Amino acid sequence: VIAARAAAWHDGQHAALEALAYAHVSGDRDLMARLMVRHMWALHWSGRIASLERWVRWFDEDGIRERYPSIAVLAGFLYAIDGRRHEAELWLAAARNATVLGPMPEGSTREAWVAILSGMLMADGVEAVEADARIAQAGMRGDSPFMPGVRLLSTVASIAAGRLDEASGRAREAVELAEARGAMPGYAMAAGLETALALRAGQERRARRLIESSLDKLRQAGLVEYSLSGLVHAVAARLAMLDGSSSRARHHMAHVHRVRPMMTAAIPWLSLTLRLEAIEALVALGDIASARTLMREVEDIRRVRSSLGTLGADADAMRE
């Protein structure tokens with residue numbers, strides 16, 4: 001009882017980590033789940049992923065995972081970001097098989113939350129991503145913290161279908177919404193996609209403006225070294241080589257190499273796009289050995305997620 005009261009007091013003081021620590025001591029999983037859902041976005045967006053993973057493990061038991069679908073979706077994202085595909089898929093299955101039905105804590109449907117996780121993982125192949133995006137859009141409250149992710153998933157669906165002009169517009173929406181909500185991890189992914197699409201369309205001047213703005217905002221948020229910022233760095237390396245700055249390109253490629261172990265088939269579209277952009281930079285740098293290493297990693301991702309739409313075609317073209 002004392003620990004639960006302490007958790008409530010710290011929650012009221014906006015001391016999320018302390019509130020969660022006392023909730024854990026209290027042994028009350030329901031209290032812990034409520035606090036995690038309430039604070040998970042602020043903790044996640046501030047880079048406190050290790051702390052969240054520690055609390056998630058308390059729910060990692062057969063029969064318990066399925067009782068807390070909101071925690072299951074959260075856990076799925078945490079493990080996917082860390083590159084741990086099998087754990088992410090385990091939690092996705094728990095969310096799908098939830099024994100507790102009804103709306104999620106912020107009022108969105110459970111189906112919408114599950115769809116956004118499923119789409120990000122491409123768990124049912126690229127063909128299902130567009131359907132996942134529609135389900136997420138239909139069931140998500142407009143003020144949900146997940147809305148930037150809905151816009152991002154729509155962008156991915158457009159890219160996979162080859163509708164690149166549409167994807168560019170959706171990426172811009174995702175960037176603006178993520179920035180407005182302070183959802184900087186989502187911002188990092190969307191900004192990387194938007195800049196890569198601009199470069200692909202031959203809009204080098206616009207791509208430079210976008211990459212400078214993105215890097216500046218990620219620095220301000222303390223996330224410039226974050227794993228999900230890897231795509232921004234890969235595109236920045238390409239742009240540096242177009243400007244003739246091999247030293248700047250190598251600086252950005254050093255970050256890409258640091259985050260590569262976490263960029264796996266858990267989030268296949270992001271991991272593959274990051275590597276294709278990085279390979280372009282490595283070829284320009286003359287580092288063919290590293291480029292071939294990344295190409296082998298692309299093929300490893302494709303063995304797990306064979307259906308990737310136009311992303312697969314891009315990978316084929318890069319291999320040739």
Side-chain angles (χ1 to χ4, degrees), residues 44 47 49-50 53 76-89 120-123 152 156 159-160 184-197 199-200 211 214-215 218-219 221-241 245-306 308 311-312 314-319:
H44 178 257
I49 294 175
E53 285 190 5
F77 273 113
L78 291 176
Y79 286 117
I81 290 167
D82 203 36
R84 295 154 67 178
R85 177 175 63 87
H86 295 295
E87 289 92 333
E89 290 176 348
M120 290 293 184
L121 271 58
M122 288 187 164
L152 181 60
V156 173
I159 292 171
M184 297 312 289
Y187 171 88
M189 290 186 283
L193 286 180
E194 184 185 19
T195 311
L197 288 164
L199 193 52
R200 181 164 180 164
I211 209 70
S214 300
L215 287 168
L218 290 170
R219 285 190 197 99
L223 295 178
V224 75
E225 297 298 321
Y226 184 44
S227 62
L228 296 182
S229 301
L231 179 55
V232 170
H233 284 279
V235 180
R238 281 193 65 190
L239 286 165
M241 288 307 298
S245 177
S246 58
S247 61
R248 192 151 43 92
R250 288 191 178 92
H251 166 77
H252 289 295
M253 282 306 306
H255 174 82
V256 172
H257 289 313
R258 282 195 296 273
V259 303
R260 271 171 50 214
M262 291 173 283
M263 294 290 98
T264 71
I267 310 180
W269 58 270
L270 179 62
S271 301
L272 188 143
T273 304
L274 177 147
R275 283 171 173 81
L276 295 181
E277 294 295 322
I279 288 169
E280 293 272 14
L282 288 167
V283 169
L285 280 165
D287 188 352
I288 305 305
S290 294
R292 286 176 174 153
T293 297
L294 265 65
M295 196 69 237
R296 286 193 291 271
E297 293 174 359
V298 166
E299 296 306 320
D300 289 341
I301 293 169
R302 295 184 70 190
R303 274 191 283 274
V304 176
R305 295 284 187 250
S306 58
L308 290 168
L311 292 173
D314 290 344
D316 289 335
M318 183 65 73
R319 183 178 63 246

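These numbers were taken from a predicted model, which means no experiment stands behind them.
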By side chain to side chain contact (heavy atoms under 4.5 Å, CB included), E53 pairs with (sequence neighbours left out) I49, R57, L78, Y79, D82, R84
For L218 and A188, the nearest pair of non-hydrogen atoms, with its separation, is CD2-CB, 3.8 Å
Smallest heavy-atom separation, V232 atom then S214 atom, equals CG1-CB, 4.3 Å
The complete set of ring pair (Phe, Tyr, Trp, His ring centres under 6.0 Å) pairs with one or both residues in residues 253-295, sequence neighbours excluded, reads H233-H255
(message) Between R296 and T293, is there a side-chain donor-acceptor contact under 3.5 Å, judged purely by atom types and distance?
(response) yes
Inspect the contact between D316 and R302 and indicate whether a charged nitrogen and a carboxylate oxygen are less than 4.0 angstrom apart. yes
* Looking only at atom types and distance, does a side-chain atom of S229 sit under 3.5 Å from a main-chain N or O of E225, one as donor and one as acceptor? -> no
Contact check, side chains of M263 and R275, non-hydrogen atoms, under 4.5 Å | yes
So NE2 of H252 and CD1 of I211: to nearest 0.5 Å the spacing works out to 7.5 Å
How about I81 and P185: do any of their side-chain heavy atoms sit closer than 4.5 Å?
no
Shortest non-hydrogen pair, G83 vs T264, comes out as O-OG1, 2.9 Å
| said: For R319, is there an ion pair with D314 - N to carboxylate O distance below 4.0 angstrom? | reply: no
d(L231 CG, E194 CD) to nearest 0.5 Å is 11.5 Å
Output for pair (M189 CE, M120 CE), nearest 0.5 Å, gives 5.5 Å
Mind checking whether M295 and I279 have side chains closer than 4.5 Å, heavy atoms only? yes
Between the OG atom in S227 and the CZ atom in R258, the distance rounded to the nearest 0.5 Å is 12.0 Å
- prompt: Do L239 and V235 come close enough that some side-chain heavy atom pair is under 4.5 Å?
  reply: yes
Nearest heavy-atom contact between V259 and Y226 is CG1-O, 4.2 Å
Worksheet entry | Backbone N/O of M241 and side chain of S245: donor-acceptor pair under 3.5 Å | no
Original post:
Taking C-beta and beyond as the side chain, do L311 and T273 meet within less than 4.5 Å on heavy atoms?
Top reply: yes
Output for pair (L215 CG, L223 CG), nearest 0.5 Å, gives 12.0 Å
Worksheet item: Using 4.0 Å as the upper bound for N to carboxylate O, is an ion pair formed by R85 and E89?
Response: yes
Rounded to the nearest 0.5 angstrom, the CG-CZ distance for D300 and R305 is 14.0 Å
Smallest heavy-atom separation, S271 atom then I301 atom, equals CB-CD1, 3.7 Å
Review point. Less than 4.5 Å apart, any side-chain heavy atom of R260 and any of L294?
Key: yes
Q) Do the side chains of L193 and V156 get nearer than 4.5 Å, heavy atoms only? A) yes
Closest non-hydrogen atoms of V298 and A315, given as atom of the first, atom of the second and distance, are CG1-CB, 3.8 Å
Would you say the side chain of M253 lies within less than 4.5 Å of the side chain of D287, judging by non-hydrogen atoms? no
